[in-house]
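So that the names make sense, note that chain A is the first sequence line, chain B the second, and so on, each numbered from 1.
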Amino acid sequence: MLIMGEVRTGLLQNSAEIEERDHQTVLGLLAGERVRMSRRPIVYAVSPDLLTGVDCRLPSASNARIRGVGTLVSRATITGGRILQGSSYVRVVRGEVNHRLPWSHYLARPGVVEVLGKVSAPDLAGGFLAFGPPGEQLDLGSVSDRFMDVVQESALLDLRAPFRSDRTRLRWVAETGEPGVHFILGESTGRTLRLTHHGEFSPAVVDLCEDLALHDWLLTALLTIVQRARIGGASRPEVSARLAPAVDTLLHLWMPGARIHPSLAPLWENLERTPGFSRQWQSLVERVRDQLAVNTLALLRETNG
Amino acid sequence: MLVFAISDKGGTGRSVTSSNIVYRRALQGQDVCYLDFDFGSPTVGAIFRVSTASRGTTRGGMHRYLQGEITEPSRIDVWTESDRDTIRAKPAGAGQMVLLPGDQGGGEFATFDAEMLKRCVRLFAKLHEQFDLIMVDLSAGRSFAAHLALAATAQLPKIPARWLVFHRWTRQHIIAANGLVKGEHGLLDVGREYGHDPGALTDRIRFVRTAVLELGSGDFAHLRPAQRSWLNEIDRELRELATRNGVGLTTMLGKVPLDPVLQWREQLISDEDVAGTEIANAETVFAFDDLAKKIVDDTAWEGL
Amino acid sequence: MTSFSEVTAERQIKSGPLSHVSVELGHLYMEDFQAGPDRLRQQFAMVAPWLETVRRSWQNRTPGGRARISTCFLIDDYFSRFSTPDELVPMILDAAAENDLVIDYLARESACAEADGVKLAKLVEDRLVPDPPPGTHSWRPPPHETGWLANGTRSPVAGAGQAMKPQIRWEPPTQNAKRGHSIFVDVELWNDDNRGRTWSCPFLAAVWQLLRLGLLRNEGRLPVQPVQVDGGFPRDWDELPPVVKLNKSATPFSAYTTMSVLSTRFLQVELAVRTILSQVSVDEEVLKQVLSRSTDEDLRLEEELVDRISYVFL
Ligand SMILES: Nc1ncnc2c1ncn2[C@@H]1O[C@H](COP(=O)(O)OP(=O)(O)O)[C@@H](O)[C@H]1O
Ligand SMILES: [Mg+2]
């Protein structure tokens, strides 16, 4: 009836992009399963699916006591050998009975949480997207976060990332209906996305949410770097030095919609109109490039004259 | 970088000094956070003047996180949540300044288990992703907080870690500071137990003298010659004692002069306190600023 | 749209042949061996009528009475090593033959830890999805960090408490699926020491059950293929294939269901095995394959894994 998920996005803790052959080690979170990779238009790798069992209250806008039992599906992805995402989602359905069944019943339905009792989808979605204080409620984000941690703990990584950055959190809900998206940029690191699509839920929806989270993170990271560079406030070499990591690590990663199933492409186009991700990105990139060019010119002039 | 603030005794000025270092580092444009690992007395919120955490937080802090009750300890953005206007006015170019307080009513841990250690390791690793400087204020003396920090850093060899030992400029404090590092069950002893190389760990430890009276300063103008020469004699003795105890100039990262404001109140010293209201001394801010730079300046940490 | 075809095509999951039931005729440990060949003969004499019962009941369930029944026997070479294959295997086969029993497959216990370079125990451990006690709303330390797996909530432990806080009071453990009262089970999956990891006997036995049910895959392929050995057994256990096919005309090693005829001293181990198996997440694709095969054969399989496993304790 309702799918909800949370994607966390951050920088892989390594000084350089990781090599293609290292993805299997870093993302191989399940013995006997291969990491899947695609190389075009950008190197992208995804871990096997992982399950986590839960039995807890579900979020509710009206603060109703709703209990759900089942498993979440999680996975970790790396894009461009640089950006790490942890993503978890769950399909919430009404259980057939009002009491908890043996665990094997839920294990046979991976990625499904069954509600014991009554539940309304809007109430659930509202509660989930509200980013309430962490408590006894289902916490998809911390599961996503945890799998990111596991990846970051990999012995292959040198923990010398080119710059410090925050992980962003994107909570999303998806339902079937007339196609539409609604993205809200919250304070600090929280973002929400409501999505309706034709037909049954498919993992392509998760791909879309992850892709959106990825580009939102890129934009956020670049914005922070530009703000911190204190253009006009600090000396030219200082500004250039502060902008350098953005050029080295981020600029070439912008490829919105590259991995999106054609049936969902119109949703991305919607997001490009409002809030207009690519527009903002382009103007930031130009600003960075202009600054570097001007600063280099100024330096040249100083050394020559 | 992880920086652990420790002292053998309570009341040395460890919390006040390390908070001010963090504040200065943020003003210098770095992303910093401050972890209250003084489990028996989680009051660091008071120094930052965050009233919601002046005696620890009620929203889930370090105690509950380490005990596995919550998945993430709550964070306080000092720039927005401090009650002091001068602190809330975040200058352009300043970095993030985040406080991770203990729990209200939280107590010293009686021991720690493998799970707690894992949670601590995870927290440090995660903060390293976000912050340039992670200041960890440890309980005074030989504590489980210090044990935990030693055990956790042994598992995170790739994250640079440094130790600041705070002490006052008195006979007892000098001897105690040395004992805390080199004595039985001191940092080096316990560090070795968890797999630290004693030589390498020694290189990561520096001393900070707090609330120091500068004999040359104007404060002493009113002293009689006999008093002055007595003080000079004592100071010379202390310097000798410090050198003998390995707490001398070579291992000292810096010293903070006695400041009238800090003597009366535990707080961050803002530039406004010096240049505006003139209640605090410029030398104090200078010392904090200097420490904030030296903490990350590798030349100050070269092997001895 | 993401196309993974450059490196790995969509996941391909191989399927293997299956019997109706895999009957385990016994487990051989050091102490059994030390008790001498007579002990083994007695054991087989007790097992024989039960095998007959299983055979008859499956013949009744299958069209034309063509029940596919394979038998197997497990030797411990993991916890302790004794004798040699060329001495021990013929002795076992003789003792079985005296009771008109045919052992189709012989397996080494260490195969459940690692076989042909595949770390089977690790494979299963990674697929544990612990049964969450009520109130589980997020990630919990997985069994691969603690080495223990329970069927409920443990008693709170005193220890890492805080000074001047009320002491933690004892509370009983509880079983998640309790009916009125709890039967709390907490299973040690492994322990580590300076020689490395030792998997526990119940954990290896759980792997053994999954192997016999044909539910394990390594990168989509079937791990551990039985190898035919005709006479001439090696002198070294490491040279004996993990699973040996002794009977040329045997039906497949893996089966829809398993039956184990065991001494009652294995009762606790098998309770632990069921505790583990009820928390293993088997690949959906593999489950579907097995289900569609059985449906093609007009067979109705129990939905839950643990219900496909049965025992006779002697
Ligand atoms: N440089 C200083 N000059 C004067 N007083 C100081 C100075 N540094 C710290 N103090 C004061 O010393 C006392 C103890 O400091 P505190 O930081 O709480 O110590 P600790 O954390 O070591 O217990 C406080 O009242 C504090 O304001
Ligand atoms: Mg203090």
Side-chain angles (χ1 to χ4, degrees), chain A residues 20 29-40 44-46 48 50-58 67-72 74 88 100-110 134-147 149 204 207 258-265, chain C residues 1-13 118-142 144-145 151-152 176-178 216-221 223 274-275 277-284 287 291 302-307:
Chain A
E20 247 178 71
L29 305 178
L30 194 60
E33 283 290 333
R34 290 206 67 81
V35 167
R36 290 181 301 152
M37 279 188 82
S38 71
R39 295 198 181 84
R40 307 225 188 297
Y44 167 79
V46 54
L50 301 148
L51 296 181
T52 304
V54 292
D55 174 351
C56 60
R57 272 183 75 172
L58 300 183
R67 180 176 170 198
V69 186
T71 57
L72 326 175
S74 305
S88 306
R100 187 178 152 158
L101 295 168
W103 184 234
S104 35
H105 168 86
Y106 302 101
L107 268 187
R109 291 158 185 77
E136 302 305 302
Q137 288 175 3
L138 178 66
D139 188 354
L140 289 164
S142 75
V143 179
S144 303
D145 217 47
R146 178 60 203 133
F147 287 118
D149 292 349
D207 288 339
R259 297 193 317 268
I260 299 309
H261 192 276
S263 68
L264 296 171
Chain C
M1 183 173 128
T2 310
S3 149
F4 291 103
S5 52
E6 304 163 43
V7 177
T8 40
E10 279 313 297
R11 293 179 73 232
Q12 280 197 357
I13 306 292
V118 181
K119 296 193 161 59
L120 289 177
K122 172 80 176 118
L123 205 89
V124 173
E125 186 194 30
D126 274 8
R127 279 159 186 73
L128 286 172
V129 180
D131 183 346
T136 305
H137 55 90
S138 170
W139 178 85
R140 287 189 310 156
H144 72 250
E145 293 197 358
N151 67 350
N176 289 340
K178 68 173 178 189
L216 295 182
R217 296 292 183 277
N218 178 51
E219 297 186 356
R221 289 186 299 272
R274 294 176 77 87
T275 304
L277 287 179
S278 62
Q279 303 182 58
V280 173
S281 148
V282 173
D283 195 297
E284 260 185 297
L287 286 176
L291 195 71
E302 297 288 346
E303 188 191 350
E304 288 174 28
L305 243 175
V306 285
D307 296 332

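Interface residue C/P133: only backbone heavy atoms are found under 4.5 Å from chain A. For chain A, the nearby part of C/N176 is the side chain; its heavy atoms alone come within less than 4.5 Å. With a 4.5 angstrom heavy-atom cutoff, C/L305 does not touch chain A via any of its atoms. Using a 4.5 Å cut-off between heavy atoms, A/L107 contacts chain C through its side chain alone, with no backbone atom that close. Only the backbone of C/V280 comes within contact range of chain A, with at least one heavy atom under 4.5 Å from a heavy atom of that chain. Proximity to chain A (any heavy atom under 4.5 Å) is restricted, for C/P130, to the backbone atoms N, CA, C and O. Using a 4.5 Å cut-off between heavy atoms, C/Q279 contacts chain A through both its backbone and its side chain. For C/E303, the part sitting under 4.5 Å from any heavy atom of chain A is the side chain, from C-beta outward, and nothing else. Residue A/L29 touches chain C through its backbone alone, counting heavy-atom pairs closer than 4.5 Å. For C/D283, the part lying under 4.5 angstrom from a heavy atom of chain A is the side chain only.
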*asked:* What verdict does the side chain to side chain contact (heavy atoms under 4.5 Å, CB included) test give for A/R67 and A/D55, after you've listed the backbone C-alpha separation in whole Å, the side-chain angles of each residue and the deciding distance to 0.1 Å?
replied: CA-CA 7 Å; A/R67 180 176 170 198; A/D55 174 351; 2.8 Å; yes

*Tell me, with the steps shown, if C/R127 and C/V282 meet side chain to side chain contact (heavy atoms under 4.5 Å, CB included).*
CA-CA 7 Å; C/R127 279 159 186 73; C/V282 173; over 6 Å; no

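For the 3.5 Å distance criterion, the side chains of A/S88 and A/S144 qualify, holding a donor opposite an acceptor.
A salt bridge is absent between C/D126 and C/K119: the closest approach of a Lys/Arg side-chain nitrogen to an acidic carboxylate oxygen does not fall below 4.0 angstrom.
In terms of heavy-atom proximity, C/V129 sits nearest to C/S281 at CG2-CB, 3.8 Å. Closest heavy-atom contact between C/R274 and C/D307: NH2-OD1, 4.2 Å.
Taking A/D139 as the reference, nothing meets the salt bridge (Lys or Arg N to Asp or Glu O under 4.0 Å) condition, with sequence neighbours excluded. Checked against side chain to side chain contact (heavy atoms under 4.5 Å, CB included), A/R57 has the following partners two or more places apart in sequence or in another chain: A/N63, A/R65, A/Q137.
Note on A/S104, A/A265, A/S263, A/G68: by heavy-atom pairs under 4.5 Å with chain C, the leading option is A/S104. Comparing A/H105, A/E33, A/E136, A/R146 by heavy-atom pairs within less than 4.5 Å of chain C, the highest count is held by A/R146. Taking chain A as the reference chain and counting heavy-atom pairs below 4.5 Å, the highest number among C/R221, C/R140, C/E284, C/R217 is found for C/E284. Counting heavy-atom pairs closer than 4.5 Å to chain A, the top-ranked of the candidates C/D131, C/N218, C/N151 is C/D131.
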